[in-house]
Trainee: 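This is the structure I have questions about; it appears just below.
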Amino acid sequence: MKTVAVVGASLAGLSAARSLRKRGYDGRLVVIGDEPHRPYDRPPLSKEFLAGSLGEADLALETDDEDLRAEWLLGVRATGLDGPRRAVRLDDGGEIRADGVVIATGATARTLPGTAGLAGVHTLRTLDDARALRDELALGGRLVVIGGGFVGAEVASTAYALGLEVTVVEAAPTPLAGPLGAAMGGIVSALHADHGVRLLCGTGVKGLSGESRVEAVLLEDGRSLPADLVVVGVGARPCVEWLAGSGIELADGVVCGTDGRTNLAGVVAVGDCASWYDPRAGLHRRVEHWTGALERPDAAVAALLAGGAVEPAAPRPPYFWSDQYGVRIQFAGHAAGADSVTIEEGARDDRNVLAVYRRGEHPVAVLGMNQPRLFMRWRKQLAAAA
């Protein structure tokens, strides 16, 4: 290969670029990113950066002496892919012809319809999002977080520590029931009540009120929540619109094999936009976690350079963590594959549990709350079993 184009300059794209060089690729390497920033770490955006304890320099993912010998096209958005020619079209009118393409365009935060242009309403996905939200949190007041997932919970925790009055609204009966299951989702989300943060479950949001700036969140059950600031944390959608007409198979992301290869030769996908095949579950799914964006690109790059000649290994069970109200929450595996969950260590009321999810007698996932040592032992067992 003479030229490889990596479309996406966040962690997954950077990891792919690093793997290319580590595996001996010495040709032209072009990294395209729609943000103007060099690769940065996203997990602290909802925590330390938002709280002001980390600066922008602390978010850098590259080391001072790192040189990937890459052409960085930052602030440039990919608008299309000519699949047969492997040509990436850019919004500045340019085009990058490549022998190999790594799709790493990630995902974008979902928004609430009708909120565009209404001041005080935020999503949190990018550095620019975090800058704007941090400035407004510094003013204090009443914050309503729409969505009780991990990002919403982390923002609520950070805002609480900054002294804001916080309410979390979750449409589902139990927050985090999707990734953790209802029982453990209830235990983890109880952290809100432990710290005086109001949690309203089982009701959706009808809309927001306010002329030029948000004044209240209107719930479907008729209640109105006064708000000086609103954060919408209702998930993300993969950034794959630019691939329409390319010939790439799409279905909630870029459909890939177990090694990231797409249905087009010479094209792989990694990160939040990639729907990899999971042989254990027998289905495709996206893994929107930091660890996946760090680890999986190496397998995709190996497949790209070998032209698919290398037999792919099964991906490691997904792993993620979250810090909320001083509690470190860690999870590995897939809760959806379990038919039972048991607390093996700790006490739920103390929020220091180690819980194991099983299908029959076989562990398929593990959750830790302030149990880092035990959790890592179980995570290694899950990986070995996989």
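Residue numbers count from 1 along this sequence. Every heavy atom of this structure was used, including side-chain atoms; hydrogens, water molecules and symmetry mates were not.
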Trainee: Do you know which of Thr111, Val145, Leu133, Val155 makes side chain to side chain contact (heavy atoms under 4.5 Å, CB included) with His122?
Mentor: Leu133
Trainee: Side chain to side chain contact (heavy atoms under 4.5 Å, CB included) for Val301 and Val4? Distances and angles first, verdict last.
Mentor: CA-CA 10 Å; Val301 163; Val4 174; over 6 Å; no
Trainee: Is it true that atom CD of Glu136 has more than 12 heavy atoms of other residues, nucleotides or ligands lying nearer than 6.0 Å?
Mentor: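 Atom CD in Glu136 is packed in, count exceeds 12.
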Trainee: Give me the atom names and distance for the closest heavy-atom approach of Glu211 to Leu118.
Mentor: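 Residues Glu211 and Leu118, closest heavy atoms: O-CD1, 3.6 Å.
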Trainee: Do you know the tightest heavy-atom contact between Ala236 and Arg286?
Mentor: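 Result for this residue pair: O-NH2, 3.8 Å.
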Trainee: Given side chain to side chain contact (heavy atoms under 4.5 Å, CB included), test Val364 with Arg358 step by step and report yes or no.
Mentor: CA-CA 5 Å; Val364 294; Arg358 292 181 173 87; 5.8 Å; no
Trainee: State whether the side chain of Arg28 and the backbone N or O of Lys2 hold a donor-acceptor pair below 3.5 Å, judged by distance alone.
Mentor: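 No: the side chain of Arg28 does not pair with the backbone of Lys2.
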Trainee: Test salt bridge (charged side-chain N to carboxylate O under 4.0 Å, His left out) on Asp298 and Lys22 and set out the steps.
Mentor: CA-CA 9 Å; Asp298 190 57; Lys22 181 185 72 174; 3.3 Å; yes
Trainee: Quick one: do the Tyr40 and Arg42 side chains pair a donor with an acceptor below 3.5 Å?
Mentor: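 A pair is found: one side chain offers a donor N or O, the other an acceptor, under 3.5 Å apart.
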Trainee: For the residue pair Arg77 and Trp242, would you count it as a cation-pi contact if the rule is NZ or CZ under 6.0 angstrom from the ring centre and within 45 degrees of the ring axis?
Mentor: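 Not flagged: Arg77 not positioned over aromatic ring of Trp242.
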Trainee: Ignoring hydrogens and angles, tell me if any N or O in the side chain of Asp228 forms a donor-acceptor pair with the backbone of Gly141 under 3.5 Å.
Mentor: no
Trainee: Hey, does Leu199 have a side-chain heavy atom less than 4.5 Å from the side chain of Ser189?
Mentor: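 With C-beta onward as the side chain, the pair touches.
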Trainee: Is Phe320 reachable from Trp290 through a run of hydrophobic residues whose side-chain heavy atoms are each under 4.5 Å from the next?
Mentor: no
Trainee: Is a donor on one side and an acceptor on the other found under 3.5 Å between the side chain of Tyr357 and the backbone of Leu180?
Mentor: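 It does hold such a pair.
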Trainee: Between atom SG of Cys256 and atom CD1 of Ile103, what is the distance when rounded to the nearest 0.5 Å?
Mentor: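 The SG atom of Cys256 sits 7.5 Å away from the CD1 atom of Ile103.
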Trainee: Would a 4.5 Å heavy-atom cut-off, applied to side chains only, mark Leu73 and Ile96 as touching?
Mentor: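 A side-chain contact exists here, since the closest heavy-atom pair is under 4.5 Å.
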Trainee: Can a cation-pi geometry be assigned to Arg296 and Trp276, taking NZ or CZ under 6.0 Å from the six-membered ring centre and within 45° of the ring axis?
Mentor: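 Output yes; distance and angle both within limits.
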Trainee: I'd like to know whether Tyr277 forms a side chain to side chain contact (heavy atoms under 4.5 Å, CB included) with Asp259, so could you lay out the CA-CA distance, the side-chain angles of the two residues, the decisive distance to 0.1 Å, and finally the verdict.
Mentor: CA-CA 8 Å; Tyr277 182 72; Asp259 53 5; over 6 Å; no
Trainee: In plain terms, say whether Asp278 and Arg285 are close enough for a salt bridge, that is, a side-chain N and a carboxylate O under 4.0 Å apart.
Mentor: yes
Trainee: Using only atom types and a distance under 3.5 Å, with no angle test, would you say the side chain of Arg69 pairs donor to acceptor with the backbone of Arg21?
Mentor: no
Trainee: Once rounded to the nearest 0.5 Å, what's the spacing between atom OG of Ser246 and atom CG of Leu264?
Mentor: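 The distance works out to 6.5 Å.
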Trainee: Check the pair Met369 / Gln330 against side chain to side chain contact (heavy atoms under 4.5 Å, CB included), numbers first and verdict last.
Mentor: CA-CA 7 Å; Met369 297 179 69; Gln330 296 170 285; over 6 Å; no
Trainee: Got a second to check how far Leu164's CG is from Thr158's OG1, nearest 0.5 Å?
Mentor: 10.5 Å
Trainee: With a 4.5 Å cut-off on side-chain heavy atoms, are His284 and Asp252 touching?
Mentor: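 Not touching, per the 4.5 Å side-chain cut-off.
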Trainee: Among Ile32, Val7, Asp34, exactly one meets side chain to side chain contact (heavy atoms under 4.5 Å, CB included) together with Leu90. Which residue is that?
Mentor: Ile32
Trainee: Check step by step if salt bridge (charged side-chain N to carboxylate O under 4.0 Å, His left out) holds for Glu95 and Arg85.
Mentor: CA-CA 11 Å; Glu95 180 182 89; Arg85 296 172 56 238; 3.0 Å; yes
Trainee: Can you tell me if Glu71 uses its side chain to pair, donor with acceptor, with the backbone of Val30 under 3.5 Å?
Mentor: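 Absent.
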Trainee: Would you say Val76 ends up clustered with Val240 if hydrophobic residues are merged whenever their side chains have heavy atoms under 4.5 Å apart, either directly or through other cluster members?
Mentor: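 Yes, same cluster.
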Trainee: Are the aromatic rings of Tyr319 and Phe331 close, with centres under 6.0 Å apart?
Mentor: no
Trainee: A side-chain contact here means heavy atoms from C-beta on lying under 4.5 Å apart; do Leu367 and Val356 qualify?
Mentor: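 Side-chain contact under 4.5 Å: no.
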Trainee: Walk me through it: do Asp194 and Arg351 pass the test salt bridge (charged side-chain N to carboxylate O under 4.0 Å, His left out)?
Mentor: CA-CA 10 Å; Asp194 291 347; Arg351 315 299 182 218; 2.7 Å; yes
Trainee: Side chains of Arg125 and Thr108: donor-acceptor distance under 3.5 Å anywhere?
Mentor: no
Trainee: Counting only heavy atoms not in Arg373 (residues, nucleotides, ligands), do more than 12 fall under 6.0 Å from its CZ?
Mentor: no
Trainee: To the nearest 0.5 Å, tell me how far Asp221 CG sits from Leu200 CG.
Mentor: 8.0 Å
Trainee: Is a donor from one side chain sitting under 3.5 angstrom from an acceptor on the other, for Ser46 and Glu154?
Mentor: yes
Trainee: When you measure from the side chain of Arg89 to the backbone of Thr79, do you find a donor-acceptor pair of N or O atoms at a distance under 3.5 Å?
Mentor: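 No, the answer is negative, given that no donor and acceptor are paired below the 3.5 Å cut-off.
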Trainee: What distance separates Glu62 CD from Asp67 CG, expressed to the nearest 0.5 Å?
Mentor: 9.5 Å
Trainee: Would you mind reporting whether Leu382 and Pro363 have side-chain heavy atoms less than 4.5 Å apart?
Mentor: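 When only atoms from C-beta onward are counted, Leu382 and Pro363 do touch, with a gap below 4.5 Å.
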Trainee: Say whether His37 and Asp128, considering side chains only, have a donor N or O and an acceptor N or O under 3.5 Å apart.
Mentor: yes
Trainee: Verify whether one side chain among Tyr325 and His192 offers a donor that lies under 3.5 Å from an acceptor in the other.
Mentor: yes
Trainee: Considering only heavy atoms from C-beta outward, does the side chain of Leu218 approach that of Leu208 to under 4.5 Å?
Mentor: no
Trainee: Mind checking whether Leu229 and Val232 sit in one hydrophobic cluster, side chains of I, L, V, M, F, W, Y counted as touching below 4.5 Å?
Mentor: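 Leu229 does not cluster with Val232.
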Trainee: Under a 4.5 Å side-chain heavy-atom rule over Ile, Leu, Val, Met, Phe, Trp and Tyr, are Val168 and Ile187 clustered together?
Mentor: yes
Trainee: Do Leu225 and Arg198 have side chains that get closer than 4.5 Å, going by heavy atoms?
Mentor: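 Yes - at least one pair of side-chain heavy atoms lies under 4.5 Å apart.
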Trainee: How far does CD of Gln371 sit from CD of Glu345, to the nearest 0.5 angstrom?
Mentor: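 Rounded to the nearest 0.5 Å, the CD-CD separation comes to 5.5 Å.
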Trainee: To check you understand the geometry: which heavy-atom pair defines the closest contact between Leu354 and Gly368, and what is its length?
Mentor: CD2-CA, 4.1 Å
Trainee: Thr126 side chain to Asp129 main-chain N or O, any donor-acceptor pair under 3.5 Å?
Mentor: yes
Trainee: Would you say Ser53's side chain and Glu48's backbone share a donor-acceptor pair under 3.5 angstrom?
Mentor: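 Checking the backbone N and O of Glu48 against the side chain of Ser53, a donor-acceptor pair under 3.5 Å is found.
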Trainee: Report yes or no: do Leu304 and Val6 belong to one cluster of Ile/Leu/Val/Met/Phe/Trp/Tyr joined by side chain heavy-atom distances under 4.5 Å?
Mentor: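 Yes, Leu304 connects to Val6 through the hydrophobic network.
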Trainee: Within the 4.5 Å heavy-atom criterion, are His289 and Trp321 side-chain neighbours or not?
Mentor: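 Side chain of His289 against side chain of Trp321, heavy atoms only: no contact under 4.5 Å found.
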Trainee: Between Asp272 (side chain) and Ala107 (backbone), is there a donor-acceptor pair under 3.5 Å?
Mentor: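 A pair under 3.5 Å: no.
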Trainee: Return the minimal non-hydrogen interatomic distance between Val234 and Ile146, and the atom names on each side.
Mentor: CG1-O, 3.7 Å
Trainee: Examine distances only and state if a side-chain atom of Ser157 and a backbone atom of Ala153 form a donor-acceptor pair shorter than 3.5 Å.
Mentor: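 Such a contact is absent between Ser157 side chain and Ala153 backbone.
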Trainee: Just wondering, are more than 12 heavy atoms of other shown residues or ligands nearer than 6.0 Å to CZ in Arg348?
Mentor: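 Counting neighbours around CZ of Arg348, 12 or fewer heavy atoms of other residues, nucleotides or ligands fall under 6.0 Å, so no.
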Trainee: Indicate the atoms forming the closest heavy-atom contact of Ala159 with Leu143, along with that distance.
Mentor: CB-CD2, 3.4 Å
